[in-house]
Amino acid sequence: MPTSKLPTNFHKLLVKDTVKLLKTSADTKNLNLGKTIHAHLIISNQTTPYHVIRTNSLINLYSKCGQIEIARRMFDRMLERNVVSWSALMAGYLHSGFPLEVFGLFKAMALEEVFRPNEYILATVLSCCSDTVLFIEGRQCHGYVLKSGLVFHQYVKNSLTYMYSMCSDVEGAMSVLNSVPGSDVFTYNSIINGLVEHGYLSEALEVLGRMAGEFVIWDNVTYVNVFGLCTGLKDLKLGLQVHNRMLKSNVEFDEFVSSAIIDMYGKCGEISMARSVFDVMQTRNVVSWTAMLAACLQNGCFEEALKLFFHMELEGIMPNEYTFAVLLNSCAGLSALGHGNSVHARAVKSGFKNHVIVGNALINMYAKGGNIESGSKVFSDMVYRDSITWNAMISGYSHHGFGKEALIVFQDMLAAEEHPNYVTFVGVLSACAQLGWVREGLYYLHQLMNQLDIEPGLEHYTCIVGLLCRAGQLDQAENFMRSTPVKWDVVAWRTLLNACHVHRKYQLGQKVAEIVLRMDDDVGTYILLSNMHAKAKRWDGVVKIRKLMRERNIKKEPGVSWIEIRNHTHVFVSDDNKHPEISQIYEKVRELLAEIKPLGYVPNISSVLHDVEEEQKEDYLSYHSEKLAIAYALMKTPPEAPVHVIKNLRICDDCHSAVKLISKVTNRVIVVRDVNRFHCFRDGYCSCADYW
DNA sequence: CTAGGGTTAG
């Protein structure tokens, strides 16, 4: 640092002046300037004997500049100390992240019995209690400041309310707020922050109401906290009000506030508002970019998230672990394994692969992309895991039809003493449903969840319906639905309807169909019903369904399948002839069908709507979008590469049996993600065991 | 003459 800034008569400085200069260097965190002064003091023999106030200033300097060891050495060498010596060092330890050292010093100080701790000491010690969530010590401090009267210092009151908030004692925090007069913006900020962080949202709202009623000027931290509260409450109206208030104030829209607003709008489903805040930001950091990417992700704009990342890179902003997590989850949303792989590689290269959120996102990406083996590899390589890690692996296995593996992971989770939660049991029960393990499923629902104090919800009950259906106990499933006091949604009824279709329970199916048709207008349901009637050769039923579709103006959603080859997406629509290589693709489909016919493939005519001319039916089946996509993938990828197809509807019976045989004759792994689950075709078999 | 409190993203 420029010594030229020092006074010319520097060598003759009085104690008063050195102290002032040292304070300036400490406040501006100018270590070089401080060291220069210190050096001068040493060479001019002014450091021995130790002058208390001057040494305090040096301790303060080194504490503030993150040189806590030097500060400690100076403290230890002092022959005489005062309260300031202690508090300067304690504050240093607090800010260097060693709160436990502070407690040690506090005890040593009390043992000397020379100084009474003052408000500075107590504010520092209370902050350490907040940082380490030491509630008992915090309450002891509360007792002390009450008896000594120190509680009436604003700093002490504020650190006390913050301590209670951080220890999630809402009542304690509120009682300090109410019993000690005088609250400033810090009091309110710290209490609202603590309440929001611990999920006491209605309490935070109440405190906010009181703050608004008093004359306290909001600062940027207030706004960050309050936007966080709106986010937690998912209260868009309140968010807009606060945003409006801020626009009228003089508070600067810095990175912190803007990121909080973007996050709030993103989570409230207002992506365009999020974007407009983002666009007018003066300077954007990783956090603001990641908040914007996350807003895209949460609103289903996965491609937009990936596109924005490209611009982020152009601006030279380096991604961090949160950015990678958002990107991977966007790839998961697109089932874009290729992009996901590249992001994975980048995360490894940038050194973020060992972060829990990245690992979790990787498992999710591979599971949703259809590559459960890679997901499992990531899982076993993870050094740190949380409950989300375990849940992602359990539900990943479950979606892929690996029920046993899912339950093994669940057992490992219990053994690792990670607490299962609501989501865990959705995965566990759907694994039981895959396996048709009725006894186990009911045990988990009635015994284990009860034991762990997890209230079962609709999703769990729906899994049980699926479980009973899988086991062929359709009447029990219906009984379960009638006897369980829960508001069933269309998903549960459709599960039962689907089972009627698979198990060919025509009577029950018609009964359930009436209920389902009263509840939703999903085109998939109509197709399922039409197929159910067709299977039973009840052509009148098929006609009725088609009439209903016309009446209700249900458009036949075309089947769409897509595949990713070298980061490029190819889309196929049933009976489509838009693809530039369509004639070669048709040729390939015919070739494949000819190959599997000797293995017993018989076109399943009942999958086709009945009013197609008989001789055309076989052609109709050949041109289902997943057949086109698979044929194209087989043409364009190396012989050992697995084929990944994503489809918007439920895969039909005919395609299912055709793809099984195609996997056999071509010796390929073919993974089809339909609207419900994954089908992994290998050597003539499918992971769904023909139940879907 | 010195020391103390609250910030964002899955």
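Residue numbering restarts at 1 for every chain, and letters A, B, ... go by the order of the sequence lines.
- Straight-line distance from the CG atom of Leu58(A) to the C1' atom of dC1(B): 13 Å, rounded to whole Å.
- Atoms CD1 (Ile317(A)) and P (dT8(B)) sit 19 Å apart, rounded to a whole Å.
- Looking at Thr424(A) and Asn421(A), their side chains do bring a donor and an acceptor atom within 3.5 Å of each other.
- Atom OH of Tyr265(A) is separated from atom P of dA9(B) by 16 Å (rounded to the nearest Å).
- Closest contact between the side chain of Asp263(A) and the listed nucleotides dG6(B), dC1(B), dA9(B) involves dA9(B).
- Among the heavy atoms of the strands, none lies under 4.0 Å from His355(A).
- Contact annotation: Asn60(A) reaches the phosphate of dA3(B) (side-chain N/O to OP1 or OP2, under 4.0 Å).
- The distance between atom CZ of Phe75(A) and atom C1' of dA3(B), rounded to the nearest whole Å, is 13 Å.
- Between the CG atom of Asn189(A) and the P atom of dG6(B) there is a distance of 11 Å, rounded to whole Å.
- When the side-chain nitrogen and oxygen atoms of Asn225(A) are compared with OP1 and OP2 of dT7(B), none of them lie within a distance under 4.0 Å.
- Across dT7(B), dA9(B), dG10(B), the shortest atom-to-atom separation from the side chain of Asn320(A) is found for dA9(B).
- As judged by a 4.0 angstrom heavy-atom cut-off over every strand, Asp184(A) is placed among the base-contacting residues.
- Separating the CE atom of Met281(A) from the C1' atom of dA9(B) is a distance of 12 Å, rounded to the nearest angstrom.
- Looking at Glu304(A) and Arg275(A), a side-chain N of the basic residue comes within less than 4.0 Å of a carboxylate O on the acidic one, giving a salt bridge.
- Considering only side-chain atoms of Asp386(A), the nucleotide from dG10(B), dT8(B), dA3(B) that sits closest is dG10(B).
- Regarding contacts with the backbone of dA9(B), every side-chain N or O of Lys267(A) stays at 4.0 angstrom or more from both OP1 and OP2.
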Give every donor-acceptor pair under 3.5 Å between a side-chain atom in residues 285-296 of chain A and any protein atom, sequence neighbours left out.
| unit_1 | atom_1 | unit_2 | atom_2 | d |
| --- | --- | --- | --- | --- |
| Asn285(A) | OD1 | Val287(A) | N | 3.0 |
| Asn285(A) | OD1 | Ser288(A) | N | 2.9 |
| Asn285(A) | OD1 | Ser288(A) | OG | 2.8 |
| Ser288(A) | OG | Asn285(A) | N | 2.8 |
| Ser288(A) | OG | Asn285(A) | O | 3.1 |
| Thr290(A) | OG1 | Val286(A) | O | 2.6 |
| Thr290(A) | OG1 | Thr323(A) | OG1 | 3.0 |

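- Taking atom CG of residue Asp27(A) and atom C1' of nucleotide dA3(B), one finds them 11 Å apart after rounding to whole Å.
- Closest to the Tyr162(A) side chain, of the nucleotides dT7(B), dG4(B), dG10(B), is dT7(B).
- Contact annotation for Ile262(A): no contact, since no heavy-atom pair falls under 4.0 Å across all strands.
- When distances are taken from the side chain of Thr124(A) to each of dT8(B), dA9(B), dG4(B), the shortest belongs to dG4(B).
- If you check dG4(B), dT8(B), dC1(B) against the side chain of Val19(A), the one that comes closest is dC1(B).
- The side chain of Lys23(A) lies closest to dA3(B) when the candidates are dA3(B), dT7(B), dG10(B).
- A donor and an acceptor atom sit less than 3.5 Å apart, one in the side chain of Asn118(A) and one in the base of dA3(B).
- Ring-base stacking between Tyr120(A) and dG4(B) is not satisfied when judged by a centre separation under 5.5 Å and a plane angle under 30°.
- Atom CD in Glu119(A) sits about 9 Å away from atom C1' in dA3(B), given to the nearest Å.
- With ring centers used as reference points, His355(A) lies 6.0 Å or more from Phe324(A).
- Side-chain contact, Asn189(A) with Asp219(A): a donor N or O sits under 3.5 Å from an acceptor N or O.
- The Ala91(A) side chain lies nearest to dA3(B) when the options are dA9(B), dG10(B), dA3(B).
- Among residues two or more places apart in sequence or in another chain, the side-chain contact (heavy atoms from CB on, under 4.5 Å) test is passed with Lys353(A) by Val348(A).
- Across all strands, Glu321(A) comes closer than 4.0 Å to no nucleic acid atom at all (heavy-atom distances).
- The phosphate of dG4(B) has OP1 or OP2 within less than 4.0 Å of a side-chain N or O from Lys64(A).
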